[in-house]
Amino acid sequence: MLPAALQGLDRQQITAVIKSAPLGRVDREIARLRYVERLPLPDIAAQTHYSRQAVGYRLQKIAIVL
């Protein structure tokens, strides 16, 4: 599920919002993988070398920032 700030936006607009958000490099990549690439948490965890639980936690914090 997309955060409210991203609902109704196309991929290019979502990418722009993520790039302009006050996020660190890792959180920006996690947000891109989840909200632009639409990857499931296990795939994001594998690509970022974080646990699935850590990715889920970070996504909760990212959604607040966006």
Side-chain angles (χ1 to χ4, degrees):
M1 182 172 187
L2 287 173
L6 302 180
Q7 291 182 6
L9 302 179
D10 64 28
R11 287 172 57 111
Q12 185 176 7
Q13 292 168 320
I14 292 171
T15 300
V17 170
I18 291 169
K19 283 184 177 181
S20 66
L23 297 170
R25 181 185 55 80
V26 172
D27 287 342
R28 188 170 286 115
E29 178 65 4
I30 289 171
R32 185 189 70 76
L33 292 170
R34 182 64 171 175
Y35 303 129
V36 177
E37 301 301 326
R38 309 286 180 140
L39 293 181
L41 268 55
D43 291 354
I44 296 169
Q47 286 193 30
T48 60
H49 306 289
Y50 284 89
S51 70
R52 186 229 160 274
Q53 292 82 8
V55 170
Y57 177 78
R58 290 179 92 117
L59 280 168
Q60 289 176 354
K61 301 299 181 189
I62 290 166
I64 293 169
V65 172
L66 296 178

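Counting begins at 1 with the first residue of the sequence.
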Name all residues meeting the side chain to side chain contact (heavy atoms under 4.5 Å, CB included) criterion together with P42; count only those two or more places apart in sequence or in a different chain, and write none if there are none. P40
Just how far is it from atom [atom1] of [X] to atom [atom2] of [Y], taken to the nearest 0.5 Å?
{"X": "E37", "Y": "R32", "atom1": "CD", "atom2": "CZ", "value": "5.0 Å"}
{"X": "I18", "Y": "I30", "atom1": "CD1", "atom2": "CD1", "value": "11.5 Å"}
{"X": "I44", "Y": "L59", "atom1": "CD1", "atom2": "CG", "value": "5.5 Å"}
{"X": "R34", "Y": "L41", "atom1": "CZ", "atom2": "CG", "value": "5.0 Å"}

My understanding is that only residues two or more places apart in sequence, or in another chain, count here; which of them pass salt bridge (Lys or Arg N to Asp or Glu O under 4.0 Å) with R52?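 Salt bridge (Lys or Arg N to Asp or Glu O under 4.0 Å) check on R52 returns nothing, list empty.
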Counterpart residues, salt bridge (Lys or Arg N to Asp or Glu O under 4.0 Å), relative to R58 (two or more places apart): D27
Going only through I, L, V, M, F, W and Y residues with side-chain contacts under 4.5 Å, is there a path from Y57 to V55? no
Do V26 and L23 share a hydrophobic cluster, counting only Ile, Leu, Val, Met, Phe, Trp and Tyr and linking them when any side-chain heavy atoms are less than 4.5 Å apart? yes
A quick test of your reading: do over 12 heavy atoms of other residues, nucleotides or ligands sit less than 6.0 Å from CD of Q7?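 Atom CD in Q7 is crowded, with more than 12 foreign heavy atoms closer than 6.0 Å.
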For A63 and P3, the nearest pair of non-hydrogen atoms, with its separation, is CB-CG, 4.0 Å
Side chain to side chain contact (heavy atoms under 4.5 Å, CB included) between Y35 and L66: does it pass, once the steps are laid out? CA-CA 11 Å; Y35 303 129; L66 296 178; 4.0 Å; yes
Please step through side chain to side chain contact (heavy atoms under 4.5 Å, CB included) for the pair T48 and L33, ending with a clear verdict. CA-CA 10 Å; T48 60; L33 292 170; 4.0 Å; yes
